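Note sheet for the following structure.
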Protein chains: 2
Amino acid sequence: MNAQLRAISELDRVIHEPGRLMIVALLAGVKECDFLFLLRETEMNKGNLSSHLARLEEAGYVEIEKTYRGKVPQTLLRLKPAGRTTFDNYRKGLMAAF
Amino acid sequence: MNAQLRAISELDRVIHEPGRLMIVALLAGVKECDFLFLLRETEMNKGNLSSHLARLEEAGYVEIEKTYRGKVPQTLLRLKPAGRTTFDNYRKGLMAAF
DNA sequence: AGAACTGGTTTGCATTGCAAACTAGTCGGC
DNA sequence: GCCGACTAGTTTGCAATGCAAACCAGTTCT
């Protein structure tokens, strides 16, 4: 197997999914944001966004904090260190492949 | 939605799958090769490779020619024009995103 | 003849991604 | 105070996917 294929085959599958890639790319540039912001930016529906976030949390890539803005619930999202390094490696992998 | 996210969300899903991405990347640089070559290079198993190729054929991206090398069957694969342009666009999309 | 090998395809299953339906709580009108 | 609408998400149900084990047709070995 050559280096290009190796790089492709080693891409992290959790981050590779476009829905989650959008989320992580956004979080990588912002340090913290809420559910509704992601919802608007990614143009996904709520169920979809919710489950992708759950997957990213379970992978240890994002931190989900449930809080309140006044009386309305607000879910805050942050990229964890593991998520950042995995994302960086993902990008390096892409650059190595293309 | 910003340009980065737009680029990610528009990536072709057929090509995005790493197994198929490996196949298409290989075919893009070789003009023609056979099943066994792909099998060795990608390190997939036969069933997996077979079904990814079927998917790429059905998408109109690769051409599958079944022939013989002497008495043993041989399956030849080629990237079709549609596959090449989709792959080119995929790469442009990646570059736009990262 | 038949066991083993080659070159694949098909089958079966567990995992996904997706959106519709649901839930918990808030606000506004009456 | 109660009822309907709204907000902020989660859960459910299902169709599509990826994967490898099992299968199959044909060939070669002995």
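All values below come from the heavy atoms of this structure, side chains included, with hydrogens, waters and symmetry mates left out. The chains referred to below are lettered A, B, ... by the order of the sequence lines, with proteins before strands, and numbering in each begins at 1. The model shown is predicted, which means the values in this text are computed figures rather than measured ones.
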Salt bridge flag under 4.0 Å for residues B:Lys92 and B:Glu10: no

Between B:Glu43 and A:Arg6, is the closest basic N to carboxylate O distance under 4.0 Å? yes

Give a yes/no answer on whether the side chain of [X] brings an N or O atom under 4.0 Å of OP1 or OP2 in [N].
X: A:Arg69; N: C:dG25; answer: no
X: A:Lys66; N: D:dT10; answer: yes
X: B:Arg20; N: D:dG18; answer: yes

On DNA chain C, does the nearest nucleotide to A:Pro73 precede the nearest nucleotide to A:His52 from the 5' side, or the other way round? Give the residue. A:His52

If you assign each of A:Glu17 and B:Phe35 to its closest nucleotide in DNA chain C, which residue comes earlier from the 5' end? B:Phe35

In this structure, how many angstroms lie between the [atom2] atom of [N] and the [atom1] atom of [X], rounded?
X: B:Asn48; N: C:dG8; atom1: CG; atom2: C1'; answer: 13 Å
X: B:Tyr68; N: C:dT6; atom1: OH; atom2: P; answer: 17 Å
X: B:Arg13; N: C:dC18; atom1: CZ; atom2: P; answer: 5 Å
X: B:Arg40; N: C:dG8; atom1: CZ; atom2: C1'; answer: 14 Å
X: A:Leu21; N: C:dT16; atom1: CG; atom2: C1'; answer: 17 Å
X: B:Gln74; N: C:dT9; atom1: CD; atom2: P; answer: 13 Å
X: B:Met44; N: D:dC19; atom1: CE; atom2: P; answer: 8 Å
X: B:Leu49; N: C:dG8; atom1: CG; atom2: P; answer: 9 Å

Check whether any side-chain N or O of B:Arg84 sits under 3.5 Å from a backbone N or O of B:Ala28 as a donor-acceptor pair, and report yes or no. yes

Taking the side chain from B:Gln74 and the backbone from B:Thr67, do they hold a donor-acceptor pair closer than 3.5 Å? no

Mapping A:Leu53 and B:Gly19 to their closest nucleotides on DNA chain D, which lands nearer the 5' end? A:Leu53

So what does B:Leu36 touch, heavy atoms closer than 4.0 Å: a base, only the sugar-phosphate, or nothing? sugar-phosphate

NA contact type, B:Lys46, heavy-atom cut-off 4.0 Å: base, sugar-phosphate, or nothing? base

Residue [X], side-chain heavy atoms: nucleotide from [options] that is nearest:
X: B:Ser51; options: D:dA8, D:dC19, D:dT10; value: D:dC19
X: A:Asn45; options: D:dT11, C:dA19, D:dG18; value: C:dA19
X: A:Lys71; options: C:dT26, D:dT27, C:dG8; value: C:dT26

Derivation and outcome, salt bridge (Lys or Arg N to Asp or Glu O under 4.0 Å), residues B:Glu32 and B:Arg78: CA-CA 5 Å; B:Glu32 169 177 310; B:Arg78 277 178 294 275; 2.6 Å; yes

